[in-house]
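Quick note: numbers below take in every heavy atom, side chains included, and nothing from hydrogens, waters or symmetry partners. Letters A, B, ... are given to chains in the order of the sequence lines, protein chains preceding strands, and every chain is numbered from 1.
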Protein chains: 2
Amino acid sequence: MSQIVRPTFLNLPEDKQARIIEAALTEFADKGYPQASLNTIVARSGIAKGSLYQYFTDKTGIFLYIFDFAISVVRRLLVQVKESTQEEDFFTRLEKSLLAGVAFIKEHPKIYGIYLKILFDQQAPQRQELLQAVRRFAADYFHSLLRQGRARGELRQDLPLTTTTFVLDALLDRFLQAASVPAFDVSLGLDQAGEEELLRRVQELMDIIRHGLAAGKKYEP
Amino acid sequence: MSQIVRPTFLNLPEDKQARIIEAALTEFADKGYPQASLNTIVARSGIAKGSLYQYFTDKTGIFLYIFDFAISVVRRLLVQVKESTQEEDFFTRLEKSLLAGVAFIKEHPKIYGIYLKILFDQQAPQRQELLQAVRRFAADYFHSLLRQGRARGELRQDLPLTTTTFVLDALLDRFLQAASVPAFDVSLGLDQAGEEELLRRVQELMDIIRHGLAAGKKYEP
DNA sequence: TCTCTATGTGACCAGTTGGTCATATCAAAT
DNA sequence: ATTTGATATGACCAACTGGTCACATAGAGA
């Protein structure tokens, strides 16, 4: 980080820092890394171009600082959800996690936007590392939920944990995308669903995760 | 389309057309729409900048033409898989579809790349329409599989079809992404998996789709 | 008041972009 | 040999990019 932010920036009055962070976050979330314009950031935060280079080393530096900021916000949420649902059963925890995700995105659309952008931007700096950090975080989360659930006998004992982690990660991640990227969601129409419809979809999803699709005799342990 | 390609392009010798399509496909798949450089396309296909504008109206025109070309290739595959598995049971069909997808991406990485790029490129022209077309295509496919499977009694009779479609779309799509975008795949390591490991993962995935996660008594119709 | 350091500034730079256009090339028809 | 219509070309343009730098400003300590 010390290679990225200059002390000058940290000495700045907090509201000025906030203005710059906000402007940069917006721009990166809107356009992605390579298309984001420093001129726009500078104009929106009301500072001079030169000043930007007194705060950060270069465009990459700005981006990494912003991403780091975003990550820290997400991390706080996940830890909190995990702890506050410690006592509940597996499926309730899963459901609450998903709903917490939906609420988070509604509250911090730009943070989610920057994540989506980086997802397929080959040119975002350190993309590989940044993405793996995020997904690993999610994977660890699910894995831990699964282990506890299995230990309590709420889940099939023979579940392959890594594949199951993959399934959960895929389903919840995609559900969030569907709820916030209309183009993504052909079937459910989540982007303009009301609270109650969203809840119904979540429950249908949980039911499928529980019982699967097959008719007839179920798995016997 | 007539607004997009000029007749001049279609009059060109086929190998010249192919060279240009190839160069454009590569560039768009590599960089995405806004970052793709016409200069690069021109250089790689060995034609003059001016010529490009005798073939297409503008950058958007080139992109839409290429995308259209890509879509037609995908469409052919899906139709073929659907027909050739007509007689099999639901889960076998699903499994074969997924494996066909993996094979397709291996054979046409650029076509898949262009799809991934457009996925989150807010600035790709007509992005909304293009994406919806693709996803709708997939959704229709799964929906049709599901209806047949349910009619044959292979699936729970009370399955909510749209949510189930969503589940299948999410899982298979993500599986394909994991198999081709390493950063995306923390848990399974599919990108460097051998044939046999990949097959095992597919079967584990199918098992989870069949039976779900829950222990104990299964759903009774 | 003068000095010194930290901070602020915007004209400026080279490089790249998508797009244009006057001109050149060429094949067929007359 | 000449005309004609389609096709090919690359120098050129305005707009923008990330990044620089000589200079202005301000505030604290002397």
Side chain of B:Y55 (C-beta onward), nearest among C:dG8, D:dT17, D:dA8: D:dA8

Per A:D58 side chain, nearest of listed nucleotides C:dT20, D:dG19, C:dG8: D:dG19

Side chain of B:S37 - closest among C:dG18, D:dT17, D:dG10: C:dG18

Selected nucleotide, minimal atom distance to A:Q54 side chain, candidates D:dG10, C:dT17, C:dT9: C:dT9

Distance, rounded to the nearest Å, where B:L10 contributes CG and D:dT7 contributes C1': 14 Å

Interatomic distance, A:L12 CG vs C:dT7 C1' [rounded to whole Å]: 9 Å

Phosphate-side-chain proximity, B:N11 and D:dA6, N/O vs OP1/OP2 below 4.0 Å: no

Integer-rounded Å distance: D:dC21 C1' and A:L52 CG: 16 Å

Out of C:dT17, C:dG10, C:dG18, whichever nucleotide has its closest atom nearest the side chain of B:K49: C:dG18

Among C:dT7, D:dT9, C:dT9, the one nearest A:A48 by side-chain distance: C:dT9

Touch class at under 4.0 angstrom, heavy-atom based, for B:F9 against every strand present: nothing

Whole-Å distance separating the NZ atom of B:K31 from the C1' atom of C:dG18: 14 Å

Nearest-Å distance for atom pair CG/C1', residues B:N39 and C:dT20: 14 Å

Length of the CD1-P vector between A:I47 and C:dT9, whole Å: 8 Å

d(CD, B:Q35; C1', C:dG18) in whole Å: 13 Å

Listed nucleotide nearest any side-chain atom of B:Y53, set D:dA8, C:dG19, D:dT9: C:dG19

Ring centroid separation A:Y65 to A:F9 under 6.0 Å: yes

A:H108-A:F104 aromatic ring centre distance below 6.0 Å: yes

Residue whose closest nucleotide on DNA chain C lies nearer the 5' end, B:K59 versus B:G50: B:K59

From B:I4, B:I20, B:V5, residue fulfilling side chain to side chain contact (heavy atoms under 4.5 Å, CB included) relative to B:Y55: B:I20

Mutual orientation of the aromatic rings belonging to A:F63 and A:F28 [parallel < 30°, tilted 30-60°, perpendicular > 60°]: perpendicular

Residue-phosphate contact under 4.0 Å: A:T8 side-chain N/O, C:dT7 OP1/OP2: yes

d(CG, A:L38; P, D:dG19) in whole Å: 6 Å

Phosphate OP1/OP2 of C:dG8 contacted by A:K16 side-chain N/O (<4.0 Å): yes

Cation-pi geometry met for A:R75 and A:F137 (6.0 Å, 45°): yes

